[in-house]
Amino acid sequence: PAGKYVLTVSTFDAGKEAPFALTVGSTAAPVTLAALPAEGSGLHRHVIRSEWSGAAAAGSPNHHHYERNPQVRLTLSRATDVLLRLRLPSRPSPRPALGLALFSGGGGRRLGADEARLSRALASTAVYSYPAGGALIPRQRLEAGSYVVIPSTFDPHQGKFELVVYAAAGAATMEAL
């Protein structure tokens with residue numbers, strides 16, 4: 001049927017590259033192909049590398065200590081589009097389900113248990129999932145101000161992670177709390 005579709009070319013085994021040809025045709029309507037822009041296109045990329053360890057490997061709110069997960073302050077000097085991605089730098093087995101939440105404010109300090117409720121988040125991944133590319137909060141416009149980002153796993157998990165934030169050049173700074 002008519003519509004917009006995304007075609008993803010991949011190999012069966014991760015990390016293998018090979019040349020390919022893609023042919024698309026239609027007997028019903030003209031077909032146009034266009035490459036998708038890269039993630040965060042037009043924005044500057046910021047990365048914080050950290051880890052869930054000890055009490056900071058707290059898991060989801062189901063485990064009653066969500067606020068103990070690592071927290072990152074995101075400060076925006078002006079309104080900008082922002083996209084957030086949480087990913088793992090390695091492939092642990094089993095791979096943990098990832099979640100990401102963005103909260104307003106924080107006043108430069110860690111959020112407490114009452115403030116770090118997912119129902120109070122400005123944006124979140126909504127569900128914990130296992131995508132190979134990590135968890136994503138899609139691109140959205142945020143006003144200047146201070147925000148707190150909480151990366152988490154569904155079950156408590158010890159391991160390293162990368163938080164990638166895309167924002168306008170010069171508009172964002174990040175700091176672990």
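What you are looking at is a predicted structure, and each value in this text was computed from that prediction instead of being measured. In what follows, residues are counted from 1 in the order of the sequence shown.
The backbone N or O of Val148 lies less than 3.5 Å from no partner atom in the side chain of Arg110, so there is not a single donor-acceptor pair. Checking side-chain atoms of Ser104 against main-chain N and O of Tyr147 turns up no donor-acceptor pair under 3.5 Å. Between the side chain of Gln158 and the backbone N or O of Gly54 there is at least one donor-acceptor pair closer than 3.5 Å. Thr80 contributes a side-chain N or O that, together with a main-chain N or O of Ala168, makes up a donor-acceptor pair within less than 3.5 Å. Asn69 places a side-chain N or O within 3.5 Å of a backbone atom of Gly59 that can act as its donor or acceptor partner. For the pair Arg139 (side chain) and Ser41 (backbone), a donor-acceptor distance under 3.5 Å is present. Of the possible donor and acceptor atoms, one in the side chain of Trp52 sits under 3.5 Å from a partner among the backbone N and O of Pro151.
The structure places OH of Tyr130 at 10.0 Å from OG1 of Thr153, a figure rounded to the nearest 0.5 Å. To the nearest 0.5 Å, the span separating CG on Leu43 from CG on Leu83 amounts to 7.5 Å. Atom-to-atom distance recorded for Lys160:NZ and Glu162:CD is 10.5 Å, nearest 0.5 angstrom. Atom-to-atom distance recorded for Thr125:OG1 and Leu86:CG is 8.5 Å, nearest 0.5 angstrom.
By the 4.5 Å heavy-atom criterion applied to side chains, Glu143 and Leu76 are not counted as neighbours. Using a 4.5 Å cut-off on side-chain heavy atoms (C-beta onward), His157 and Arg95 make no contact. Side-chain contact between Arg87 and Val164 is present, with at least one heavy-atom pair separated by less than 4.5 Å. Contact of the Pro96 side chain with the Leu88 side chain is registered, since non-hydrogen atoms from C-beta on lie closer than 4.5 Å. Inter-residue side-chain proximity for Leu84 and Val149 is flagged as met; some heavy-atom pair is nearer than 4.5 Å. Taking 4.5 Å as the limit, every side-chain heavy atom of Leu122 sits out of range of all side-chain heavy atoms of Gln140. Counting heavy atoms from C-beta on, the side chains of Leu7 and Leu22 come closer than 4.5 Å. Between Leu163 and Leu100 there is a side-chain heavy-atom pair separated by less than 4.5 Å.
The pair Glu39-Arg85 meets the salt-bridge criterion, with a side-chain N (NZ, NE, NH1 or NH2) lying under 4.0 Å from an Asp/Glu carboxylate O.
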Trace of the side chain to side chain contact (heavy atoms under 4.5 Å, CB included) decision for Arg109 with Glu115
CA-CA 11 Å; Arg109 60 173 176 70; Glu115 301 163 296; 2.7 Å; yes

Check against side chain to side chain contact (heavy atoms under 4.5 Å, CB included), Met174 and Leu74:
CA-CA 5 Å; Met174 293 189 336; Leu74 170 63; 3.9 Å; yes

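Here the closest heavy-atom approach between residue Val31 and residue Gly25 is recorded as CG2-C, 4.3 Å. Heavy atoms only, all atoms of each residue included: Glu67 and Ala116 are closest at CB-CB, 4.0 Å. Closest approach of Pro70 and Ala56 over heavy atoms only: CD-O, 3.3 Å. The two residues His46 and Ala172 have their closest heavy-atom pair at CE1-O, 3.3 Å.
By the 6.0 Å contact criterion, CZ on Phe20 is open, its count of non-hydrogen atoms from other residues, nucleotides or ligands being 12 or less.
Using a 3.5 Å distance cut-off with no hydrogens or angles, the side chains of Ser152 and Tyr128 do pair a donor with an acceptor.
Cluster membership for Leu98 and Leu102, using ILVMFWY side-chain heavy atoms within less than 4.5 angstrom, is shared. Val82 and Val72 fall within the same hydrophobic cluster, defined by Ile, Leu, Val, Met, Phe, Trp and Tyr side-chain heavy atoms under 4.5 Å apart, directly or through other members. Tyr166 and Leu142 are members of different hydrophobic clusters when ILVMFWY side chains are connected at heavy-atom separations under 4.5 Å.
Here salt bridge (charged side-chain N to carboxylate O under 4.0 Å, His left out) pairs that include residues 165-177, with residues two or more places apart or in two chains, are Arg73-Glu175.
Ring geometry, Phe154 versus His63: the interplanar angle exceeds 60°, so the pair is classed perpendicular (tilted spans 30 to 60°).
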